[in-house]
Amino acid sequence: MSVNTDSMIHNILDRVSRIGYVKPEDIPNIDLYMDQVTTFMEAQLAHSKRYEDDKILTKTMINNYAKNNLLPSPEKKRYSKEHLLVLIFIYYFKNILSISDIQTLLGPLTDKYFKSMDDMDLTAIYNEVFSMEKGQIESLQKELLERYEIAQGTFENAPEEDRDFLKLFSFICLLSFDVYVKKMLIEQMIDELRAAGSPSDPKHKKK
């Protein structure tokens with residue numbers, strides 16, 4: 001099986017370099033109805049889709065987030081700028097975390113900073129976090145290249161017709177292990193955060 005890994009890594013690095021995020025100043029300062037929210041999110045996060053027909057957010061998803069206390073309820077069926085910021089956090093978290101874990105993370109934020117009149121509000125928190133993430137693009141590209149080079153050094157004695165595929169498999173395994181370890185660490189931190197918040201809750205105690 002022949003795989004053009006050089007072209008693949010070039011495309012990956014190019015896509016990483018174009019990773020963006022929804023800037024707070026791009027979010028309307030007026031309250032939006034549900035249809036306007038889904039349209040806005042679809043336009044702003046379309047670059048993150050895997051497939052063209054994937055949905056960023058649906059009405060059902062948003063209603064479920066509100067029912068599960070991930071998202072504060074809308075006021076008169078309208079969503080504020082802060083609602084949209086919370087939805088963006090949820091969108092990224094839901095790819096790797098459970099609803100319960102997202103509740104544990106976002107609960108303290110929405111409880112204290114949603115509709116905050118202080119300088120430290122959800123917009124300030126959003127700006128701080130995502131400006132930090134954007135600054136990591138260059139180091140992420142370097143890290144990907146390092147793992148790619150490691151994978152390229154594997155399976156040198158494999159049959160030639162399988163070599164490219166096996167090298168690609170190695171690369172995917174390296175990245176998957178990295179994701180697995182980071183996810184495990186995130187879950188551990190969330191468990192500790194949950195335990196600190198409700199130490200007497202038996203369902204949150206680890207065996």
Side-chain angles (χ1 to χ4, degrees), residues 16 19-24 27 34 37-38 40-42 44-51 54-74 79-116 120-137 139-140 143-144 147 172-207:
V16 169
I19 289 176
Y21 69 98
V22 185
K23 298 179 178 64
I27 301 175
M34 177 74 84
V37 171
T38 55
F40 174 81
M41 298 292 280
E42 186 74 23
Q44 293 292 321
L45 294 169
H47 64 274
S48 66
K49 288 183 178 182
R50 183 178 182 182
Y51 301 112
D54 286 347
K55 293 293 183 183
I56 298 297
L57 283 173
T58 65
K59 296 178 183 179
T60 301
M61 290 179 190
I62 294 173
N63 284 329
N64 284 337
Y65 297 152
K67 288 178 183 177
N68 284 287
N69 298 318
L70 271 71
L71 182 71
S73 298
Y79 297 83
S80 67
K81 179 176 182 176
E82 290 185 311
H83 280 106
L84 294 178
L85 293 176
V86 176
L87 282 171
I88 294 168
F89 278 122
I90 293 172
Y91 175 74
Y92 287 112
F93 283 142
K94 73 184 180 71
N95 291 298
I96 57 171
L97 298 176
S98 68
I99 293 295
S100 176
D101 285 344
I102 299 174
Q103 286 174 329
T104 301
L105 274 178
L106 293 185
L109 289 181
T110 55
D111 287 347
K112 185 171 183 179
Y113 298 109
F114 194 84
K115 300 292 185 183
S116 172
M120 181 59 72
D121 58 7
L122 278 180
T123 299
I125 292 170
Y126 182 91
N127 271 328
E128 187 82 15
V129 170
F130 280 85
S131 63
M132 172 188 68
E133 295 293 337
K134 190 174 182 181
Q136 296 300 306
I137 296 298
S139 61
L140 176 58
E143 184 179 308
L144 285 170
R147 281 163 171 70
I172 291 172
C173 285
L174 276 176
L175 296 180
S176 297
F177 180 70
D178 186 60
V179 172
Y180 166 74
V181 171
K182 288 176 180 176
K183 183 174 184 290
M184 183 176 65
L185 293 174
I186 291 169
E187 289 172 342
Q188 181 179 338
M189 287 186 281
I190 291 173
D191 287 340
E192 291 175 0
L193 181 64
R194 184 182 291 126
S198 53
S200 61
D201 189 343
K203 81 173 183 178
H204 294 151
K205 292 182 179 178
K206 305 298 286 182
K207 292 183 179 179

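Throughout, residue positions are numbered sequentially from 1 according to the sequence presented.
Within the 3.5 Å criterion, the main-chain N or O of Lys115 finds a donor-acceptor partner in the side chain of Glu82. Put simply, the side chain of Lys81 never gets that close to the backbone of Ile27: no donor and acceptor are under 3.5 Å apart. In this structure, the side chain of Gln103 does not engage the main chain of Asn69 through any donor-acceptor pair within 3.5 Å. Side chain of Asn68 to backbone of Tyr65: no donor-acceptor contact under 3.5 angstrom is found.
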Check residues 173-181 and write down every donor-acceptor pair under 3.5 Å in which the side-chain atom is one partner and the other belongs to a residue at least two apart or another chain.
{"unit_1": "Ser176", "atom_1": "OG", "unit_2": "Ile172", "atom_2": "O", "d": "2.8"}
{"unit_1": "Asp178", "atom_1": "OD2", "unit_2": "Lys182", "atom_2": "NZ", "d": "3.1"}

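Taking all atoms of both residues into account, the shortest heavy-atom contact from Leu70 to Leu106 is O-CD1, 4.3 Å. Across Ile56 and Leu45, no two heavy atoms sit closer than the pair CD1-O, 3.3 Å.
Taking Lys55 as the reference, nothing meets the salt bridge (charged side-chain N to carboxylate O under 4.0 Å, His left out) condition, with sequence neighbours excluded. When the salt bridge (charged side-chain N to carboxylate O under 4.0 Å, His left out) test is applied to Lys112, no partner is found at least two apart in sequence or on another chain. Applying the side chain to side chain donor-acceptor pair (under 3.5 Å) test to Lys59 and every residue at least two apart in sequence or in another chain returns Asp35. For Gln44, the side-chain contact (heavy atoms from CB on, under 4.5 Å) criterion is met by Val22, Asp26, Phe40, not counting sequence neighbours. Thr60 meets the side-chain contact (heavy atoms from CB on, under 4.5 Å) test with Thr58, Asn64; sequence neighbours excluded. With sequence neighbours left out, Ala66 forms a side-chain contact (heavy atoms from CB on, under 4.5 Å) with no residue at all. Considering only residues two or more places apart in sequence or on other chains, Tyr91 meets the side chain to side chain donor-acceptor pair (under 3.5 Å) condition with Ser48. Residues forming a ring-ring contact (aromatic ring centres under 6.0 Å, His included) with Phe114 (at least two apart in sequence, or on another chain): His83. Applying the side chain to side chain donor-acceptor pair (under 3.5 Å) rule to Lys183 yields the partners Glu187; only residues at least two apart in sequence or on another chain are considered. Glu143 pairs by the side chain to side chain donor-acceptor pair (under 3.5 Å) definition with nothing, not counting sequence neighbours. Residues passing the side-chain contact (heavy atoms from CB on, under 4.5 Å) test with Asn127 are Pro24, Thr123, sequence neighbours excluded.
Rounded to the nearest 0.5 angstrom, Ser116 OG and Asp111 CG are separated by 12.5 Å. The CG atom of Leu57 lies 8.0 Å from the OG1 atom of Thr38; values are rounded to the nearest 0.5 Å. With rounding to the nearest 0.5 angstrom, the CD1 atom of Ile90 is 12.5 Å from the CG atom of Asn95. Separation of atoms CG (Leu71) and CG (Leu87) is listed at 5.0 Å; rounding is to 0.5 Å. Taken to the nearest 0.5 Å, the CZ atom of Phe93 stands 7.5 Å off from the CD1 atom of Ile102.
For the pair Met34/Ile62, a side-chain contact is recorded, criterion being any heavy-atom separation below 4.5 Å from C-beta on. Under the 4.5 Å side-chain criterion, counting only non-hydrogen atoms from C-beta, Lys49 is in contact with Glu42. Residues Leu97 and Leu105 meet the side-chain proximity criterion, which asks for heavy atoms closer than 4.5 Å. Within the 4.5 Å cutoff, the side chain of Lys94 has no heavy atoms near those of the Ile99 side chain.
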